[in-house]
There are 2 protein chains.
Amino acid sequence: MSYQSPEKHTHTKEIIFRTAAHLFAQKGFDGVSMREISEQSGVTKPTIYYYFGSKEGIYEALIDSGLQHVISSFEEIAHIKVSAKDKLVMMTKKFFQLTVDAPDFSKFFMTLAIPLSDNTVLEKFRKQMFNQGNILKTVINEGIKSGEFGAAARPDLAAQIIGGVWQHYAWQQLSTKKKILSEELAEEIIEILFRGLNE
Amino acid sequence: MSYQSPEKHTHTKEIIFRTAAHLFAQKGFDGVSMREISEQSGVTKPTIYYYFGSKEGIYEALIDSGLQHVISSFEEIAHIKVSAKDKLVMMTKKFFQLTVDAPDFSKFFMTLAIPLSDNTVLEKFRKQMFNQGNILKTVINEGIKSGEFGAAARPDLAAQIIGGVWQHYAWQQLSTKKKILSEELAEEIIEILFRGLNE
DNA sequence: GTCTACATACCGACCGGTAAGTAAGCTTTG
DNA sequence: CAAAGCTTACTTACCGGTCGGTATGTAGAC
């Protein structure tokens, strides 16, 4: 996991943070105990409570930190002055890169995406995922306006399909040790979808 | 949940089965306790152990039963004598229909797909998911052989993309109360992917 | 009298969380 | 400038509650 948490943590807090990310990614929220985090991080349990307040507290901290990282990455790309198609390729590459570089965080975020019902913590996350979809939609709309995509292209459908393919490939990557995500694959995928979506 | 478990269960066993499916779908394996299944099904805890042996036992029974149902549905379609493209459309419709009709089971299967590491129970499931991908690949290969798809079409990539889009839409559907999956959507999606994949 | 289909009552282990204390540094005050 | 008090960053030891699982019993069918 090469992901750097954006806020400045003390050393101890950072260790707790990373250990928790790793464990939650492997076993999900309910599959991990505070004892486990404590033992694996070498930090006593009350110390974890001192920094994060509760089990949900760590969870939320991980969500916030990860979201901040991912969203800023995509918005950066959205503002570069290249064609809409190139933006889609760059975003796909970025997404693949994040998945490969920080598999723990990616896996963790995958577990969040599953709509387990009673988890109120996750509303924030869902909203942001929705926003990510909107970034895609904005890029596609841009391409329609500029004539790069045909006027009949359907931004909603396109954003859904692209997001779906991203997620699916991340999934695949996280299930295997072989490296399947690559820059070439990102280009191929967008090429195919571009052809299909661009009526 | 309108899904019928294929084996003949006693009344009591069937109730446990359905209650467990519902709860696991909502909260995942670790989020559900045997007490909860017991109380919500009105069956005492030792009775559950009598029928299913362990918590993992129920889980496995649900996986087996669901897989059997899904796979036979797709294989049925694969053997119908229509064009490859029509098969893809039919499979997509079938997938959407399963998602809408049996959301509990769909959600349950979604939670399985996340590669949480230490769950040995899931190897069987993964293998079968892989087979589902192979059914898609077979259909696409068929289409290439018959000239329906261009010779340059790439069955692996295509199967991945289609499977990914399925999963993504199921996901979307399970997160909302609005009905977003429809036969028209299935046709549109395959139309787009067909154009894109068919060089 | 044996087998099926359950129920009552209990087990030790582990859960999330906390009360109470402390050692080290920093800040205020006589 | 030093003693007193406050704050930060923890630790030891424990809590009531819940976990997955089971030993034992029994009522009815065959």
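All chains are named by letter (A, B, ...) in the order of the sequence lines, taking the proteins before the strands, and each is independently numbered beginning at 1. Since this is a predicted model, take the numbers as computed values, not measurements.
At a threshold of 4.0 angstrom between heavy atoms, the contacts of A:Thr47 include nucleobase atoms, whether or not backbone atoms are also involved.
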B:Phe74 vs B:Trp166, test: ring-ring contact (aromatic ring centres under 6.0 Å, His included). Steps then yes/no.
CA-CA 13 Å; B:Phe74 284 116; B:Trp166 282 5; 5.4 Å; yes
What's the verdict on side chain to side chain contact (heavy atoms under 4.5 Å, CB included) for A:Ile77 and A:Val82, showing C-alpha distance, side-chain angles and the deciding distance?
CA-CA 9 Å; A:Ile77 293 172; A:Val82 293; over 6 Å; no
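Here A:Thr12 does not reach the OP1 or OP2 of D:dA9: none of its side-chain N or O atoms lies under 4.0 Å away. Checking the phosphate oxygens (OP1, OP2) of C:dC15, a side-chain nitrogen or oxygen of A:Ser33 falls inside 4.0 Å. Phosphate proximity of C:dT8 to B:Thr44: absent, as no side-chain N or O sits under 4.0 Å from OP1 or OP2.
The separation between A:Ile37 atom CD1 and C:dC15 atom P is 11 Å, rounded to whole Å. Rounded to whole Å, the distance from OH on B:Tyr49 to P on C:dA9 is 19 Å. The NZ atom of B:Lys13 sits 14 Å away from the P atom of C:dT4 (whole-angstrom rounding). Rounded to whole angstrom, the span from the CD1 atom of B:Ile48 across to the C1' atom of D:dG20 amounts to 11 Å. A:Tyr50 places its OH atom 12 Å from the P atom of D:dT11, with the value rounded to the nearest Å. Rounded to whole Å, atom P of C:dC15 lies 17 Å from atom CD of A:Glu56. What separates CZ of B:Phe52 from P of D:dG21 is a distance of 14 Å, to the nearest Å. Separating the CG atom of A:Asp30 from the C1' atom of C:dG16 is a distance of 12 Å, rounded to the nearest angstrom.
Judged by distance alone, the side chain of B:Ser65 and the main-chain N or O of B:Ala61 form no donor-acceptor pair under 3.5 Å. Remark: the backbone N or O of A:Val70 is not paired with any side-chain donor or acceptor of A:Glu75 at under 3.5 angstrom. Not a single donor-acceptor pair under 3.5 Å links the side chain of A:Glu39 to the backbone N or O of A:Thr44.
Closest approach to the A:Tyr51 side chain among D:dC10, C:dT8, C:dG16 is made by D:dC10 (side chain taken as heavy atoms from C-beta onward).
Each of A:Arg35 and A:Val43 lies near DNA chain D, and the nucleotide nearest A:Val43 is the one positioned closer to the 5' end. Place A:Met34 and B:Lys45 on DNA chain C by their nearest nucleotides, and B:Lys45 ends up nearer the 5' end.
If you check distances only, the side chain of A:Lys55 never reaches the base of C:dG17 with a donor-acceptor pair under 3.5 Å.
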